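Encoded as structure tokens, the structure appears first; notes follow it.
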Amino acid sequence: MTGAGRPGPARLGPALERVRTRIAAAEAAAGRPPGSVTLVAVSKTWPASDVVQTARFGIVELAENRAEEAVTKTAEVAAAGVSGLVWRFVGQVQTRRAPAVVGCCDVVESVDRVRLVQALEKACDRLDRRLDVLLQVDLDGSDPGRGGADPADLPALAEAVAGAGRLRLSGLMAVAPRGADPARAFDRLAVLHGRLLDDHPDATTLSAGMSGDLEQAVAAGATHVRVGSAIFGGRPPVSG
Ligand SMILES: *Cc1c(COP(=O)(O)O)cnc(C)c1O
């Protein structure tokens, strides 16, 4: 995936078509209804102009993983006259960045600690708004840099969100561990999601699967797949 280079705006349409075809095939293979999986385009590192292009091709759901970039890009896209998008934050949120994230995003998928729940609630209070959140699950344990809560901590974290008046618990999010079999990781995630649903029946969202493993995620029941490089092209190596 890396080094694939940037497709350029003219190629975003065909790239999106290929991803949509993959999702449709995965839905069919899993015996799931067509259109049951939502494609979230992860636009991190790519310019607002690319988001404007994908919007022309019908993409409504976008995701970002850095607060500053999200603040800037959402404003640029709005200034370009594109409205009605749903911005999802999928990166680690420092508590001091919670106000910035709440100010520009509609959903935070990466809630992994009670302190962050409190910071998001406070930021929502100040802006007098509500926020959909997903709990991010750490399926790995050996890679703390990627964020996520220990599965054992999910019930308490879910209670914290349920008790926060401004937040709505929408479901779970996870990234498959590097080097592991994604099918097994996502099956485990689906079990955790089932348990969450026992206590929080409205938490129906399961955000899993990226460019390299969306088929396995759809097979395991993902409702949202987060796809970056297969749409926009390979990202330069992340620094800092
Ligand atoms: C970057 C990112 C994605 C998309 O990854 P690709 O492999 O480019 O599709 C999905 N989820 C999260 C949390 C990400 O940071």
Side-chain angles (χ1 to χ4, degrees), residues 1-8 11-12 14-23 26 37-47 50-51 54 57 59-70 73-74 86-94 97 101 104-113 116 132-140 143-149 170-183 185-186 189 193 205-218 220 222-240:
M1 222 66 68
T2 48
R6 183 177 178 202
R11 292 178 59 191
L12 284 174
L16 267 173
E17 246 347 278
R18 283 193 293 276
V19 170
R20 285 177 165 141
T21 301
R22 283 175 64 190
I23 293 172
V37 176
T38 300
L39 171 58
V40 178
V42 184
S43 50
K44 66 185 186 197
T45 77
W46 300 108
D50 281 4
V51 175
T54 57
F57 292 114
I59 289 288
V60 173
E61 306 257 354
L62 283 306
E64 288 290 329
N65 75 335
R66 285 168 184 261
E68 297 92 305
E69 188 179 344
K73 203 177 297 177
T74 52
V86 176
W87 288 93
R88 312 176 74 94
F89 197 85
V90 299
Q92 285 183 269
V93 187
Q94 295 169 275
R97 294 283 186 215
V101 170
C104 70
C105 291
D106 307 286
V107 184
V108 176
E109 297 204 1
S110 41
V111 173
D112 59 0
R113 58 199 192 280
L116 178 56
D132 279 5
V133 305
L134 305 187
L135 306 183
Q136 183 182 351
V137 190
D138 177 11
L139 293 173
D140 193 341
D143 199 355
R146 300 175 104 188
S170 298
L172 293 185
M173 182 271 263
V175 177
R178 270 186 261 264
D181 173 5
F186 293 142
L189 178 66
H193 188 220
T205 297
L206 187 58
S207 173
M210 318 198 299
S211 294
D213 55 20
L214 70 87
E215 284 82 4
Q216 290 90 337
V218 171
T223 61
H224 292 65
V225 292
R226 309 177 308 270
V227 180
S229 49
I231 296 172
F232 296 101
R235 287 179 296 275
V238 177
S239 58

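One-based numbering, in listed order, for ligands and for the atoms of each. In this text the structure is predicted, and so the values were computed from the model without any measurement. Along the sequence shown, the residues carry numbers beginning at 1.
Neither the backbone nor the side chain of E109 has any atom closer than 4.0 Å to an atom of ligand 1 (non-hydrogen atoms only).
The contact set between ligand 1 and V227, taken as ligand atoms under 4.0 Å from a residue heavy atom, comprises 9 (O).
A donor-acceptor pair is defined here as one N or O able to donate and one able to accept, closer than 3.5 Å; no such pair exists between the side chain of S207 and the backbone of M173.
Expressed to the nearest 0.5 Å, how far CD1 of I231 lies from CG of D50 amounts to 10.5 Å.
With salt bridges taken as basic N to acidic carboxylate O contacts below 4.0 Å, none links R88 and E64.
Among V90, L62, N65, the one residue that satisfies the side chain to side chain contact (heavy atoms under 4.5 Å, CB included) test with K44 is N65.
Ligand 1 has an N or O atom lying under 3.5 Å from an N or O atom of G228, backbone or side chain.
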